[in-house]
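A note on names: the letters A, B, ... follow the listed sequences, proteins ahead of strands, and every chain is numbered from 1.
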Amino acid sequence: MAETIFAPWDDPTEKPLIRFRNVTKRFGAFTAIDDLTLDIFEREFFALLGPSGCGKTTMMRMLAGFETPSEGTIELAGQDIAAVPPNKRAVNMMFQSYALFPHLSVYDNIAFGLRRDSLPRADIDARVGEMLKLTRLEKFARRKPHQISGGQRQRVALARSLAKAPKLLLLDEPLGALDAKLRQATQFELMDIQEKTGTTFVIVTHDQEEAMTVASRVAVMDEGRVMQVATPERIYEAPESVYVADFIGDVNIVPGTARAVGDGLFQLNWAEDTVPFIAASEGAFSEGQACHLAIRPEKIAISAERPPEAENAVHGKVLDIAYLGNLSTYHVELPGGQVIKAQTANTRRISRRSFTWEDPVWVSWTKTAGVLLDQ
Amino acid sequence: MNRLSWFNVTALTFGFAFLYLPMVILVIYSFNASKLVTVWAGFSTRWYGELLRNDAFLDAAWVTIKVAVVSSTFATVLGTMAAYVLVRGGRFLGRTLFSGMIYAPLVMPEVITGLSLLLLFIGIGLDRGVMTIVLAHTTFSMCYVSVVVSSRLVTFDRSLEEAALDLGCSSFDAFRLVTLPIIAPAVISGWLLAFTLSLDDLVIASFTAGPSATTLPIKIFSAVRLGVSPEINALSTIMIGIVTIGVITAALVTKRNSLRQQQEEQAAARVA
């Protein structure tokens, strides 16, 4: 039986849950969000990724209702939500600082939102019990927030924001305060909970690994604009701009000029008196157009002899070696002074490295290993 | 390091003596058996007994307490509201003027405050009595409450209120269920401060009190003009006791709260 892949964004008949239409937000003279149009679908785990000050938190606060757009509309399930105050929105938020109420127990924190709806006592009790179970906090129900650990607080904040079964859950840097190990474990926990509850999650983060791990789609933002929205794979393997390629992971950017050689292939003249690189590209480039070749270090092979079949191969010398344990990154200087990073997996315990500083080496890659970008 | 050098000890002794010697003498003479204030004739609690039979003093004491409780309660409500608006209201038109006007009574000479209130009460034809003293005390003590409460609100994490709104609270509910319980210690110490201020105010009360209502400080002041009696010493001792308890409680409440807050912050920092 064929498993249906979750990709509502490719289905034109699917109605988005959230729809930003030409949204602009200004704070005085500063433009935080600049003419932004974006659809987010039901059951998505959507990540807003960008450096601090790129407007991702402003977007989230507009969804929660703490800010209103200066221009444009935001629709939630087909309705314009500009006039709806935060307490009337089927949207809940998990705050970066968790914002747990210090004077209330874990139980009362989780029950807080349910009590506002004046539900019967038994229903509240059942729902809180369910949330405590989901976040494995049953033992801590009677404790106050300052009597539990940071990871537990994070789960209380999550349980509290999920308790009202919102259509949309906003997470503002939810794992920022946790240490690296706990963060990884929690990322998987979040994905698990998202799947179990079927809630649409929008997460704000500046940690690209976190976004790649948890999200079904990632929006890379810069200075109030969305640079690219795509699945983590596409963001990584098919970035649409140098900014996105550079922001996500490690990348070599080789600037040059393009020349079409037919069959969707292009030559990249990257330095004088050198053999041009060859790369396949979906987009077309005109003769002599300035462009960049973006290629990930792990897609570049390093060898002592020129590999006979190589589509792109260039001679250089080892400038630096970064040993990361599982990987080694070689910085290879090419004749024009350009430095290329090539990464190899350390599949064997090394007693002796094949290459060392100053060694002449060949770096090579296939024609589909990199992408040609015009901006 | 020798921190208690002879110089420090001397300075400390003189300082405390200067502040508290008069009160100590007053307290000691309140237990004097003699009717003459300056002649010691042995220990006695006789004047405390006499005081309890003095209806004029008891009436004045009752008025004072009524005024203090009611005015400090009003002052706390108004002062907390003012502090909330000043800290949370953002940059509304006239904010600077408003905050300046809230704090002006702190430095305004009491005589002027008293006189202007008197003129107001006469102007609107309000009979002077308990009511006018309550109004006057509310006016001058609410700025103290607002100072205490706003210094707490400045350090209050705003996202707690946003979280309450997000979970379905109206703004008022967010204040009632989240903000107020957390800032309660500051509100309580503001109330105690206002209570203490009202209890020992003489100047403003004498402008706004009428023949129907006299507060204890006014009574004492007028009695002293006819000569100091041991009864007044006894009464003053009791007042010192009440004020001391009020001030110490306010200090303890504030201190305990800031300690607990510190501990919570440390706990948060440890796990972060």
Nearest atoms (heavy-atom pairs only) where A:F101 meets B:L160: CE2-O, 3.3 Å

A:S97 versus B:S159, closest heavy-atom pair with distance: OG-OG, 3.1 Å

pair B:L177-A:R115: side-chain heavy atoms closer than 4.5 Å: no

B:M131, CE: over 12 other non-hydrogen atoms inside 6.0 angstrom: no

B:F16 CZ: over 12 foreign heavy atoms closer than 6.0 Å: no

Option that, when pairs with chain B are counted at under 4.5 Å, heavy atom only, ranks first among A:Q96, A:Q147, A:M93, A:K88: A:M93

Steps toward side-chain contact (heavy atoms from CB on, under 4.5 Å) verdict (B:E162, A:R61): CA-CA 10 Å; B:E162 287 182 341; A:R61 291 176 61 84; 2.7 Å; yes

Rounded distance [0.5 Å steps], CG in B:L167 versus CZ in A:R116: 9.0 Å

Contact class of B:D166 relative to chain A, heavy atoms under 4.5 angstrom: both

CZ (B:F74) with more than 12 external heavy atoms under 6.0 Å: no

From CD (B:E161) to CZ (A:F66), nearest 0.5 Å: 10.5 Å

Interatomic spacing from CD1 in B:I183 to NE2 in A:H103 - rounded to 0.5 Å: 11.0 Å

B:S170 to A:N87 - nearest heavy-atom pair and separation: CA-ND2, 3.4 Å

Region of A:L100 that comes under 4.5 Å of a non-hydrogen atom in chain B: backbone

Engaged part of B:A164 at the chain A interface, taking heavy atoms whose separation is under 4.5 Å: both

Structural part of A:R160 lying under 4.5 Å from a heavy atom of chain B: both

B:E110 CD: over 12 foreign heavy atoms closer than 6.0 Å: yes

